[in-house]
Amino acid sequence: EPRQDDANYVLYAPALREQEDRLITLENELHQAMKENQFLLYFQPQQRLCDGAMIGAEALLRWQHPTRGVLSPNEFIHLAERTGLIVSIGEWVLTEACIQARQWQEQGHDMLISVNLSARQMQQADFVERVTTILARTGAPPHKVELELTESLLMTDLDRGHDMLCQLKALGLKLAIDDFGTGYSSLAYLKRLPMDTLKIDRRFVSSLPGDKQDGAIVRAILDLAEHLDLNVVAEGVETQAQHDWLKRAGCDVLQGYWYSRPLACSDWVRMVES
Ligand code: C2E
Ligand code: CA
Ligand code: CA
Ligand code: CA
(Lines give C-alpha, C1' and ligand atoms only; values in the text may rest on other atoms or scores of the structure.)
(Ligands and ions follow the chains in the order given, each with its own letter.)
Protein backbone atom coordinates (compact mmCIF):
# COMPACT_ATOMS: atom_id res chain seq x y z
CA GLU A 1 0.00 0.00 0.00
CA PRO A 2 2.73 2.55 0.75
CA ARG A 3 4.08 1.66 -2.63
CA GLN A 4 0.77 2.70 -4.20
CA ASP A 5 0.99 6.07 -2.44
CA ASP A 6 4.48 6.52 -3.80
CA ALA A 7 3.25 5.74 -7.25
CA ASN A 8 0.48 8.27 -6.91
CA TYR A 9 2.91 10.84 -5.68
CA VAL A 10 5.20 10.30 -8.63
CA LEU A 11 2.26 10.49 -10.98
CA TYR A 12 0.48 13.48 -9.58
CA ALA A 13 3.10 15.76 -8.08
CA PRO A 14 4.36 17.26 -11.35
CA ALA A 15 0.82 17.75 -12.60
CA LEU A 16 -0.11 19.49 -9.38
CA ARG A 17 2.90 21.73 -9.52
CA GLU A 18 2.07 22.62 -13.08
CA GLN A 19 -1.46 23.48 -12.08
CA GLU A 20 -0.14 25.57 -9.20
CA ASP A 21 2.18 27.45 -11.56
CA ARG A 22 -0.65 28.14 -13.94
CA LEU A 23 -2.72 29.60 -11.12
CA ILE A 24 0.10 31.87 -9.99
CA THR A 25 0.60 33.07 -13.56
CA LEU A 26 -3.12 33.68 -13.93
CA GLU A 27 -3.19 35.59 -10.66
CA ASN A 28 -0.37 37.87 -11.78
CA GLU A 29 -2.07 38.38 -15.11
CA LEU A 30 -5.31 39.22 -13.36
CA HIS A 31 -3.60 42.00 -11.38
CA GLN A 32 -2.08 43.24 -14.61
CA ALA A 33 -5.47 43.11 -16.33
CA MET A 34 -6.96 45.42 -13.73
CA LYS A 35 -4.09 47.89 -14.12
CA GLU A 36 -4.20 47.80 -17.90
CA ASN A 37 -7.92 47.91 -18.40
CA GLN A 38 -8.25 44.52 -20.07
CA PHE A 39 -11.78 43.87 -18.82
CA LEU A 40 -14.84 44.56 -20.87
CA LEU A 41 -18.57 44.10 -20.59
CA TYR A 42 -20.79 42.18 -22.94
CA PHE A 43 -24.51 42.85 -22.88
CA GLN A 44 -27.13 40.15 -23.28
CA PRO A 45 -30.52 41.60 -24.26
CA GLN A 46 -33.68 40.57 -22.43
CA GLN A 47 -37.07 40.38 -24.12
CA ARG A 48 -40.48 41.08 -22.60
CA LEU A 49 -42.76 38.26 -23.64
CA CYS A 50 -46.11 40.06 -23.82
CA ASP A 51 -45.03 42.36 -26.67
CA GLY A 52 -41.57 41.17 -27.72
CA ALA A 53 -39.88 44.41 -26.70
CA MET A 54 -36.27 44.55 -25.60
CA ILE A 55 -36.51 45.90 -22.07
CA GLY A 56 -33.08 45.33 -20.61
CA ALA A 57 -29.73 43.60 -20.69
CA GLU A 58 -27.46 41.72 -18.33
CA ALA A 59 -23.88 42.99 -18.11
CA LEU A 60 -21.48 40.05 -18.41
CA LEU A 61 -17.81 40.34 -17.63
CA ARG A 62 -15.14 39.40 -20.16
CA TRP A 63 -11.36 39.54 -20.05
CA GLN A 64 -9.55 40.54 -23.20
CA HIS A 65 -6.47 38.47 -22.41
CA PRO A 66 -3.28 39.62 -24.18
CA THR A 67 -2.55 36.20 -25.69
CA ARG A 68 -5.54 33.92 -25.03
CA GLY A 69 -8.32 35.98 -26.56
CA VAL A 70 -11.59 36.91 -24.84
CA LEU A 71 -12.04 34.86 -21.65
CA SER A 72 -15.36 34.08 -19.95
CA PRO A 73 -15.86 34.54 -16.21
CA ASN A 74 -15.79 30.77 -15.67
CA GLU A 75 -12.11 30.85 -16.54
CA PHE A 76 -11.07 33.43 -13.96
CA ILE A 77 -13.86 34.55 -11.62
CA HIS A 78 -13.10 31.80 -9.13
CA LEU A 79 -9.54 33.00 -8.73
CA ALA A 80 -10.67 36.61 -8.61
CA GLU A 81 -12.99 35.66 -5.73
CA ARG A 82 -10.28 33.77 -3.87
CA THR A 83 -7.71 36.53 -4.14
CA GLY A 84 -10.18 39.30 -3.37
CA LEU A 85 -9.53 40.95 -6.74
CA ILE A 86 -13.21 40.53 -7.48
CA VAL A 87 -13.87 43.54 -5.27
CA SER A 88 -12.13 46.01 -7.56
CA ILE A 89 -13.26 44.16 -10.68
CA GLY A 90 -16.84 44.27 -9.40
CA GLU A 91 -16.58 47.96 -8.70
CA TRP A 92 -15.37 48.51 -12.25
CA VAL A 93 -18.29 46.44 -13.59
CA LEU A 94 -20.86 48.39 -11.61
CA THR A 95 -19.35 51.71 -12.69
CA GLU A 96 -19.37 50.73 -16.37
CA ALA A 97 -22.93 49.44 -16.09
CA CYS A 98 -24.05 52.69 -14.47
CA ILE A 99 -22.38 54.73 -17.22
CA GLN A 100 -24.30 52.60 -19.73
CA ALA A 101 -27.60 53.10 -17.87
CA ARG A 102 -27.04 56.84 -17.90
CA GLN A 103 -26.28 56.75 -21.64
CA TRP A 104 -29.41 54.75 -22.45
CA GLN A 105 -31.49 57.20 -20.50
CA GLU A 106 -29.98 60.12 -22.38
CA GLN A 107 -30.62 58.37 -25.69
CA GLY A 108 -34.24 57.76 -24.71
CA HIS A 109 -33.96 53.96 -24.41
CA ASP A 110 -36.10 52.68 -21.55
CA MET A 111 -33.76 49.85 -20.57
CA LEU A 112 -32.82 48.11 -17.34
CA ILE A 113 -29.25 46.96 -16.83
CA SER A 114 -28.55 43.97 -14.58
CA VAL A 115 -25.24 43.53 -12.80
CA ASN A 116 -23.88 40.43 -11.05
CA LEU A 117 -22.57 40.86 -7.52
CA SER A 118 -20.13 38.59 -5.73
CA ALA A 119 -20.20 37.65 -2.06
CA ARG A 120 -16.89 39.40 -1.45
CA GLN A 121 -18.29 42.69 -2.70
CA MET A 122 -21.32 42.47 -0.44
CA GLN A 123 -19.10 41.65 2.54
CA GLN A 124 -17.41 45.05 2.40
CA ALA A 125 -18.53 47.07 5.40
CA ASP A 126 -18.92 50.17 3.23
CA PHE A 127 -20.55 48.49 0.22
CA VAL A 128 -23.69 50.65 0.30
CA GLU A 129 -21.59 53.82 0.48
CA ARG A 130 -19.52 52.65 -2.47
CA VAL A 131 -22.65 52.03 -4.51
CA THR A 132 -24.01 55.44 -3.50
CA THR A 133 -20.79 57.07 -4.70
CA ILE A 134 -20.88 55.24 -8.03
CA LEU A 135 -24.49 56.27 -8.64
CA ALA A 136 -23.67 59.88 -7.86
CA ARG A 137 -20.49 59.93 -9.95
CA THR A 138 -22.09 58.36 -13.01
CA GLY A 139 -25.48 60.03 -12.74
CA ALA A 140 -27.17 56.69 -13.45
CA PRO A 141 -30.92 56.42 -12.86
CA PRO A 142 -30.97 53.95 -9.91
CA HIS A 143 -34.33 52.42 -10.86
CA LYS A 144 -32.75 51.35 -14.17
CA VAL A 145 -29.98 49.39 -12.45
CA GLU A 146 -30.68 45.91 -11.06
CA LEU A 147 -28.29 44.01 -8.80
CA GLU A 148 -28.29 40.22 -9.20
CA LEU A 149 -27.56 38.16 -6.11
CA THR A 150 -27.42 34.41 -5.76
CA GLU A 151 -29.32 32.51 -3.10
CA SER A 152 -26.15 31.33 -1.35
CA LEU A 153 -24.93 34.91 -1.23
CA LEU A 154 -28.21 35.95 0.35
CA MET A 155 -28.26 33.10 2.84
CA THR A 156 -24.76 33.51 4.29
CA ASP A 157 -25.78 36.30 6.65
CA LEU A 158 -29.47 36.88 6.40
CA ASP A 159 -29.77 39.62 9.01
CA ARG A 160 -26.95 41.71 7.64
CA GLY A 161 -28.07 40.89 4.11
CA HIS A 162 -31.57 42.06 4.88
CA ASP A 163 -30.39 45.42 6.21
CA MET A 164 -28.07 45.94 3.29
CA LEU A 165 -30.70 45.07 0.71
CA CYS A 166 -33.13 47.49 2.32
CA GLN A 167 -30.51 50.22 2.07
CA LEU A 168 -29.86 49.39 -1.59
CA LYS A 169 -33.61 49.45 -2.24
CA ALA A 170 -33.79 52.82 -0.55
CA LEU A 171 -31.27 54.10 -3.10
CA GLY A 172 -33.83 53.20 -5.75
CA LEU A 173 -32.04 50.16 -7.15
CA LYS A 174 -33.78 46.98 -8.30
CA LEU A 175 -32.85 43.62 -6.80
CA ALA A 176 -32.94 40.18 -8.40
CA ILE A 177 -32.25 36.64 -7.23
CA ASP A 178 -30.02 34.94 -9.78
CA ASP A 179 -30.05 31.20 -10.59
CA PHE A 180 -33.28 30.85 -8.65
CA GLY A 181 -34.12 27.32 -7.58
CA THR A 182 -30.56 26.01 -7.41
CA GLY A 183 -29.59 27.20 -3.91
CA TYR A 184 -30.32 25.95 -0.43
CA SER A 185 -32.63 28.74 0.50
CA SER A 186 -35.97 28.46 2.24
CA LEU A 187 -38.95 30.12 0.68
CA ALA A 188 -39.54 32.15 3.82
CA TYR A 189 -36.78 34.57 2.88
CA LEU A 190 -38.58 35.52 -0.32
CA LYS A 191 -41.21 37.18 1.78
CA ARG A 192 -38.69 38.90 4.02
CA LEU A 193 -36.31 40.33 1.46
CA PRO A 194 -37.12 43.34 -0.72
CA MET A 195 -36.65 41.61 -4.08
CA ASP A 196 -38.09 42.68 -7.45
CA THR A 197 -37.14 39.82 -9.75
CA LEU A 198 -36.53 36.07 -9.84
CA LYS A 199 -34.26 34.70 -12.52
CA ILE A 200 -35.14 31.07 -13.16
CA ASP A 201 -31.95 29.10 -13.63
CA ARG A 202 -31.27 27.71 -17.05
CA ARG A 203 -31.19 24.10 -15.83
CA PHE A 204 -34.98 24.23 -15.35
CA VAL A 205 -35.48 25.82 -18.76
CA SER A 206 -33.17 23.70 -20.88
CA SER A 207 -35.35 20.58 -21.04
CA LEU A 208 -38.61 22.46 -21.63
CA PRO A 209 -41.10 21.88 -23.07
CA GLY A 210 -40.60 18.10 -23.04
CA ASP A 211 -39.70 17.52 -19.41
CA LYS A 212 -42.82 17.32 -17.22
CA GLN A 213 -40.97 17.74 -13.95
CA ASP A 214 -39.07 20.85 -15.00
CA GLY A 215 -42.31 22.19 -16.45
CA ALA A 216 -43.96 21.74 -13.07
CA ILE A 217 -41.09 23.48 -11.30
CA VAL A 218 -41.15 26.46 -13.65
CA ARG A 219 -44.94 26.76 -13.31
CA ALA A 220 -44.61 26.66 -9.53
CA ILE A 221 -41.99 29.42 -9.59
CA LEU A 222 -44.20 31.53 -11.89
CA ASP A 223 -47.16 31.00 -9.58
CA LEU A 224 -45.14 31.89 -6.49
CA ALA A 225 -43.77 35.01 -8.17
CA GLU A 226 -47.23 36.08 -9.25
CA HIS A 227 -48.51 35.93 -5.70
CA LEU A 228 -45.46 37.62 -4.21
CA ASP A 229 -45.63 40.25 -6.97
CA LEU A 230 -42.17 39.51 -8.36
CA ASN A 231 -41.03 39.70 -11.97
CA VAL A 232 -39.68 36.53 -13.53
CA VAL A 233 -36.87 36.26 -16.05
CA ALA A 234 -36.28 32.84 -17.62
CA GLU A 235 -32.60 32.28 -18.34
CA GLY A 236 -30.97 30.17 -21.01
CA VAL A 237 -33.86 30.14 -23.47
CA GLU A 238 -32.48 28.59 -26.63
CA THR A 239 -35.45 27.47 -28.74
CA GLN A 240 -38.67 28.76 -30.23
CA ALA A 241 -40.53 25.98 -28.40
CA GLN A 242 -39.14 27.17 -25.06
CA HIS A 243 -40.13 30.73 -25.90
CA ASP A 244 -43.67 29.64 -26.79
CA TRP A 245 -44.04 27.53 -23.67
CA LEU A 246 -42.82 30.31 -21.37
CA LYS A 247 -45.04 32.90 -23.02
CA ARG A 248 -48.08 30.69 -22.63
CA ALA A 249 -47.17 29.98 -18.99
CA GLY A 250 -47.14 33.72 -18.28
CA CYS A 251 -43.43 34.34 -17.79
CA ASP A 252 -42.58 38.07 -17.94
CA VAL A 253 -39.15 38.20 -19.56
CA LEU A 254 -36.68 35.89 -21.27
CA GLN A 255 -32.97 35.90 -21.79
CA GLY A 256 -31.03 33.41 -23.88
CA TYR A 257 -29.40 32.54 -27.15
CA TRP A 258 -32.81 32.29 -28.85
CA TYR A 259 -33.21 36.04 -28.50
CA SER A 260 -29.57 37.03 -28.50
CA ARG A 261 -26.13 35.94 -27.39
CA PRO A 262 -24.22 38.31 -25.12
CA LEU A 263 -23.01 41.10 -27.42
CA ALA A 264 -19.77 43.04 -27.50
CA CYS A 265 -20.23 46.79 -27.48
CA SER A 266 -19.92 47.25 -31.24
CA ASP A 267 -22.46 44.48 -31.98
CA TRP A 268 -24.73 46.00 -29.39
CA VAL A 269 -24.76 49.39 -31.06
CA ARG A 270 -25.49 47.74 -34.40
CA MET A 271 -28.42 45.78 -32.92
CA VAL A 272 -30.00 48.71 -31.07
CA GLU A 273 -29.73 51.00 -34.09
CA SER A 274 -31.04 48.49 -36.61
P1 C2E B 1 -25.04 34.07 -14.88
O2 C2E B 1 -25.16 35.29 -14.05
O3 C2E B 1 -26.03 33.00 -14.63
O4 C2E B 1 -25.09 34.58 -16.38
C5 C2E B 1 -25.70 33.88 -17.43
C6 C2E B 1 -24.70 33.03 -18.17
O7 C2E B 1 -25.40 32.19 -19.10
C8 C2E B 1 -23.73 33.84 -19.04
O9 C2E B 1 -22.48 33.16 -19.06
C10 C2E B 1 -24.38 33.79 -20.42
O11 C2E B 1 -23.48 33.97 -21.48
C12 C2E B 1 -24.93 32.40 -20.40
N13 C2E B 1 -26.09 32.24 -21.31
C14 C2E B 1 -26.97 33.18 -21.67
N15 C2E B 1 -27.92 32.68 -22.49
C16 C2E B 1 -27.63 31.35 -22.63
C17 C2E B 1 -28.25 30.27 -23.37
O18 C2E B 1 -29.26 30.42 -24.04
N19 C2E B 1 -27.66 29.05 -23.26
C20 C2E B 1 -26.54 28.85 -22.52
N21 C2E B 1 -26.02 27.63 -22.50
N22 C2E B 1 -25.94 29.85 -21.82
C23 C2E B 1 -26.48 31.09 -21.87
P24 C2E B 1 -21.11 33.95 -18.85
O25 C2E B 1 -21.19 35.31 -19.46
O26 C2E B 1 -20.02 33.03 -19.26
O27 C2E B 1 -21.05 34.15 -17.28
C28 C2E B 1 -20.97 33.06 -16.40
C29 C2E B 1 -21.18 33.48 -14.98
O30 C2E B 1 -20.13 34.34 -14.53
C31 C2E B 1 -22.45 34.29 -14.76
O32 C2E B 1 -23.56 33.44 -14.70
C33 C2E B 1 -22.13 34.96 -13.44
O34 C2E B 1 -22.36 34.10 -12.36
C35 C2E B 1 -20.64 35.21 -13.56
N36 C2E B 1 -20.41 36.61 -13.96
C37 C2E B 1 -20.52 37.20 -15.17
N38 C2E B 1 -20.24 38.51 -15.11
C39 C2E B 1 -19.96 38.78 -13.81
C40 C2E B 1 -19.58 39.96 -13.08
O41 C2E B 1 -19.49 41.08 -13.62
N42 C2E B 1 -19.37 39.83 -11.75
C43 C2E B 1 -19.49 38.63 -11.10
N44 C2E B 1 -19.27 38.57 -9.78
N45 C2E B 1 -19.84 37.50 -11.74
C46 C2E B 1 -20.07 37.58 -13.08
CA1 CA C 1 -26.60 36.74 -13.57
CA1 CA D 1 -28.10 33.15 -13.80
CA1 CA E 1 -46.34 39.89 -11.87
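All ligand and atom numbering here is 1-based and tracks the order in the structure. All values below come from the heavy atoms of this structure, side chains included, with hydrogens, waters and symmetry mates left out.
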Answer side chain, backbone, both or neither: which part of [X] comes under 4.0 Å from ligand 1, heavy atoms only.
X	result
Lys199	neither
Asp178	side chain
Val237	backbone
Asn74	side chain
Arg261	neither
Val93	side chain
Ile77	side chain

Would Gln44 count as being in polar contact with ligand 1, using the rule that some N or O on each side must be under 3.5 angstrom apart? yes

So, regarding Gln121 and ligand 1 (criterion: nitrogen or oxygen to nitrogen or oxygen, under 3.5 Å), is there a contact or not? no

I need the OE2(Glu58)-the Ca ion (ligand 2)-OE1(Glu148) angle, rounded to 10 degrees. 90°

Where is the nearest protein heavy atom to atom 11 (O) of ligand 1: which residue, which atom, and how far?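 Of the protein heavy atoms, Pro262 CG, 3.3 Å lies nearest.
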
Side chain proximity check, Leu149 to Met195, heavy atoms < 4.5 angstrom: yes

Checking [X] side chain against [Y] main chain: does a donor-acceptor pair fall under 3.5 Å?
X	Y	answer
Gln124	Gln121	yes
Arg202	Glu235	no
Lys169	Leu173	yes

Under 3.0 Å from the Ca ion (ligand 2), is there any N, O or S atom belonging to Glu235? no

N/O/S atom of Asn116 inside 3.0 Å of the Ca ion (ligand 2), strictly under: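 For Asn116, the answer is yes, given that an N, O or S atom comes within less than 3.0 Å of the Ca ion (ligand 2).
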
Report the angle formed at the Ca ion (ligand 3) by atom OD1 of Asp179 and atom OD1 of Asp178, rounding to the nearest 10°. 90°

Kindly indicate, with the supporting measurements, whether the criterion salt bridge (charged side-chain N to carboxylate O under 4.0 Å, His left out) is fulfilled by Asp179 and Arg203. CA-CA 9 Å; Asp179 308 335; Arg203 81 187 65 174; over 6 Å; no

With a 4.0 Å cut-off, strictly under, does atom 42 (N) of ligand 1 pick up any protein heavy atom? yes

